[in-house]
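Heads up: the structure comes next, in structure tokens.
The chains referred to below are lettered A, B, ... by the order of the sequence lines, with proteins before strands, and numbering in each begins at 1. Values below: every heavy atom of this structure, side chains too, minus hydrogens, waters and symmetry copies.
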Amino acid sequence: MRVATWNVNGLRARLDFVRIWLAERKPCVVGLQELKLETDKFPHETFAELGYRAVVHGQKSWNGVAILVREGLEAKLLQQGLPGQEEMGARLVTAEVGGLDFTTVYVPNGKTLDHEDYPKKLAWYDALIEHFAERHDAGRPTVLCGDFNVCPQPIDSWDEARHEGHIFHTDAERARIQALLDWGFVDLFRAAHPDTQAFSWWDYRGGAFHRKQGLRIDFLLGSESVNRRVREVSIDREFRKKQEGFTASDHAPVWADLQD
DNA sequence: ATGTCGGAATTATTCCGA
């Protein structure tokens, strides 16, 4: 079973691009972030034609998450939104699919350390950690994927020296990632590739992609039983490039193949 | 060039967020 995560940066603007990727990679379950559309505006018909159903938690203009599920797999919606954090927008959705408790999140960016959004980001993380402690079971096959807006370690940043202590690179943010690992999650890419520097996001500005100025901030986290099933994990860098004339998201998809 | 995108508000231009 192939599971994946992808911040698409606007689903309506990305629809043709997403179609190409689904046809090429044929994932079974995909967490999508930054839909930038309302729940009832989700293009279910388009995805049905491609052989996917979707569980959606959207909102107008910003944020928005969904789980795509390939035909033949059942999906049961378990949760829309992170309890207590509704004012931060539509950033979490959970479904039971293919024997997995599958959650995808779009963690608040935080902007800068002196911005009011930064403590809100940390509080959102604390609520997420508490939510998993209370509502999930690390003994079950569980996936938590999405855009975490943190570089967990120096290797995950193109220039740690320049960014150390700044947004995405603080001890406080990294402690939240560690808390998720302490809960029982494994960072599937890092576990499979302990020493590989690979990025999942590059700024649209300044030719960052071609300058290799990226960050690894998109993860597939899996509980131990999921990690044991991993056969391959890839950050799909090819799909950060233009495809058939269509503009890419600023994030690459990340996928993992699990033994059935 | 703080250099690019997507979306919204407003009507091709400007802002906001990332």
Side-chain angles (χ1 to χ4, degrees), chain A residues 5-21 31-43 46-47 56-66 82 85-92 104-125 128 145-152 156-159 162-163 165-170 172-173 176-177 199-219 235-254:
Chain A
T5 184
W6 195 8
N7 179 325
V8 295
N9 187 26
L11 185 61
R12 283 172 294 199
R14 206 69 59 219
L15 208 48
D16 288 309
F17 197 98
V18 171
R19 184 199 317 266
I20 293 165
W21 180 75
L32 299 177
Q33 307 88 40
E34 277 208 89
L35 305 180
K36 299 186 178 182
L37 52 72
E38 288 166 291
T39 301
D40 62 9
K41 300 270 188 4
F42 191 91
T46 301
F47 283 101
V56 183
H57 183 42
Q59 68 174 91
K60 192 174 180 182
S61 306
W62 314 115
N63 309 315
V65 287
L82 180 57
Q85 294 290 317
E86 291 79 7
E87 74 286 351
M88 293 297 287
R91 295 177 178 275
L92 178 147
T104 194
V105 292
Y106 175 45
V107 175
N109 179 292
K111 299 190 178 71
T112 59
L113 267 64
D114 58 3
H115 196 283
E116 62 178 9
D117 286 6
Y118 178 65
K120 290 181 180 177
K121 175 184 191 174
L122 298 181
W124 198 93
Y125 258 118
L128 180 68
C145 67
D147 176 357
F148 289 79
N149 275 324
V150 177
C151 298
D156 299 310
S157 174
W158 69 275
D159 192 344
R162 178 194 291 211
H163 298 290
H166 292 96
I167 197 72
F168 297 10
H169 301 69
T170 67
E173 292 166 296
R176 270 67 180 187
I177 299 298
F199 307 133
S200 65
W201 174 85
W202 296 260
D203 201 309
Y204 280 126
R205 296 168 290 189
F209 182 76
H210 291 106
R211 293 169 184 266
K212 306 184 190 307
Q213 299 177 346
L215 306 173
R216 192 177 72 92
I217 57 176
D218 300 272
F219 319 129
I235 301 179
D236 214 341
R237 193 175 174 283
E238 279 305 295
F239 283 84
R240 179 57 179 77
K241 303 173 183 173
K242 200 174 276 271
Q243 300 286 331
E244 300 176 22
F246 298 112
T247 302
S249 170
D250 46 355
H251 296 253
V254 184

Closest-nucleotide mapping onto DNA chain B: is A:A13 or A:G207 further toward the 5' terminus? I mean the 5' end.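 It is A:G207, whose closest nucleotide lies nearer the 5' terminus.
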
For A:F199, enumerate each residue passing the side-chain contact (heavy atoms from CB on, under 4.5 Å) test, keeping only those at least two apart in sequence or located in another chain.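 Expected list: A:W158, A:Q197, A:W202.
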
For A:T247, give me all partners under side-chain contact (heavy atoms from CB on, under 4.5 Å), at least two apart in sequence or on another chain. A:R14, A:K242

Same-atom distance ([atom1]) from [N] to [M], integer angstrom:
| N | M | atom1 | value |
| --- | --- | --- | --- |
| B:dA1 | B:dG6 | P | 25 Å |
| B:dT10 | B:dG17 | P | 16 Å |
| B:dA8 | B:dG3 | P | 22 Å |

According to salt bridge (charged side-chain N to carboxylate O under 4.0 Å, His left out), who are the partners of [X], at least two apart in sequence or on a separate chain?
| X | answer |
| --- | --- |
| A:E238 | A:K241 |
| A:K111 | A:D117 |
| A:D236 | A:R25 |

Can a donor-acceptor pair be found, under 3.5 Å and without considering hydrogens, that links the side chain of A:R216 to the backbone of A:S200?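 Looks like no, no N/O pair under 3.5 Å.
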
Grab the [atom1]-[atom2] distance between [X] and [N] for me, whole Å please.
| X | N | atom1 | atom2 | answer |
| --- | --- | --- | --- | --- |
| A:Q213 | B:dT4 | CD | C1' | 14 Å |
| A:H210 | B:dT4 | NE2 | C1' | 14 Å |
| A:F246 | B:dG6 | CZ | C1' | 16 Å |

Heavy-atom protein contacts under 4.0 Å, nucleotides 8-18 of chain B, coded B base, S sugar-phosphate only, - none: SS------B-B

